[in-house]
Participant: 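I'd like to ask some things about the structure below.
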Amino acid sequence: FGIPNLDKLVHMFLFGGFVLLWYFTIKKDRKSQPLPGILKRVFLISALYGISMEFFQYFFTARSFDIWDIVADITGAGIAWGILSMKGKK
């Protein structure tokens with residue numbers, strides 16, 4: 001599309017969505033677990049997944065490793081965590 005760093009916005013959106021979807025899925029199954037515990041686990045899984053996918057691309061595909069993709073993944077997951085944390089305090 002010719003928009004600089006559009007792929008970073010896509011990474012943020014996808015990983016934010018990843019956190020939101022997993023959070024609501026896990027919360028539905030585990031109603032007794034407190035909100036911060038679920039969010040922490042989902043965020044960590046999301047961050048580790050983003051990091052591992054970048055390394056996978058570096059070693060096993062023709063795609064390149066990009067540290068800024070990892071930063072965008074973690075940022076998107078963090079934004080979703082923040083939104084869910086604020087929602088939980090209301």
Side-chain angles (χ1 to χ4, degrees):
F1 294 109
I3 301 171
N5 298 313
L6 178 63
D7 67 312
K8 305 308 180 250
L9 291 174
V10 171
H11 277 262
M12 289 173 60
F13 178 78
L14 290 174
F15 276 78
F18 185 82
V19 167
L20 292 170
L21 292 173
W22 275 108
Y23 168 76
F24 287 115
T25 300
I26 293 170
K27 187 173 188 289
K28 182 179 175 184
D29 291 340
R30 296 179 159 197
K31 294 180 186 204
S32 63
Q33 189 171 6
L35 174 79
I38 296 171
L39 276 174
K40 184 177 180 181
R41 286 187 184 105
V42 169
F43 172 80
L44 290 173
I45 290 167
S46 178
L48 290 172
Y49 179 73
I51 292 167
S52 65
M53 289 309 297
E54 283 302 311
F55 278 99
F56 178 81
Q57 287 179 177
Y58 178 75
F59 288 110
F60 299 109
T61 69
R63 297 179 54 150
S64 63
F65 176 91
D66 186 353
I67 190 72
W68 294 109
D69 284 348
I70 293 173
V71 171
D73 297 343
I74 293 172
T75 300
I79 290 169
W81 183 356
I83 290 169
L84 290 169
S85 293
M86 289 188 306
K87 179 184 172 276
K89 291 180 181 179
K90 289 184 178 186

Participant: Do F55 and L48 sit in one hydrophobic cluster, given that two such residues count as connected whenever their side-chain heavy atoms are within less than 4.5 Å of each other, even indirectly?
Facilitator: no

Participant: Does the plane of the ring in F56 sit parallel, tilted or perpendicular to the ring in F60? Use 30° and 60° as the thresholds.
Facilitator: tilted

Participant: Could you measure the distance from the CG atom of L14 to the OG atom of S46? Nearest 0.5 Å is fine.
Facilitator: 10.0 Å

Participant: Look up atom CD1 in I67 and atom CD in E54, then write down how far apart they are to the nearest 0.5 Å.
Facilitator: 8.0 Å

Participant: Could you tell me whether W22 atom CH2 has more than 12 heavy atoms of other residues or ligands within 6.0 Å of it?
Facilitator: no

Participant: Kindly compute the distance separating CE (M12) from CG (D7), expressed to the nearest 0.5 Å.
Facilitator: 12.0 Å

Participant: Which is it for L84 and V19 under the side chain to side chain contact (heavy atoms under 4.5 Å, CB included) test, yes or no, and what are the steps along the way?
Facilitator: CA-CA 9 Å; L84 290 169; V19 167; 4.3 Å; yes

Participant: Look only at the side chain of S85 and the backbone of W81, and say whether a donor-acceptor pair between them is shorter than 3.5 Å.
Facilitator: yes

Participant: Crowded around F65 CZ? As in, over 12 foreign heavy atoms under 6.0 Å?
Facilitator: yes

Participant: Mark yes when over 12 heavy atoms from residues, nucleotides or ligands other than Y49 sit less than 6.0 Å from its OH; otherwise mark no.
Facilitator: no

Participant: Out of curiosity, S52 OG to D73 CG, how far, rounded to the nearest 0.5 Å?
Facilitator: 9.5 Å

Participant: Give a yes or no on whether L44 and M53 share a hydrophobic cluster (residues Ile, Leu, Val, Met, Phe, Trp, Tyr; joining criterion: side-chain heavy atoms under 4.5 Å apart).
Facilitator: yes

Participant: Given side chain to side chain contact (heavy atoms under 4.5 Å, CB included), test K8 with D66 step by step and report yes or no.
Facilitator: CA-CA 10 Å; K8 305 308 180 250; D66 186 353; 2.8 Å; yes

Participant: With clusters defined by side-chain heavy atoms of hydrophobic residues (ILVMFWY) lying less than 4.5 Å apart, directly or transitively, does I26 cluster with F24?
Facilitator: yes

Participant: What heavy-atom pair brings T75 and V71 nearest, and what distance separates the two atoms?
Facilitator: OG1-O, 2.7 Å

Participant: Check whether any side-chain heavy atom of F15 sits under 4.5 Å from a side-chain heavy atom of I74, and report yes or no.
Facilitator: no

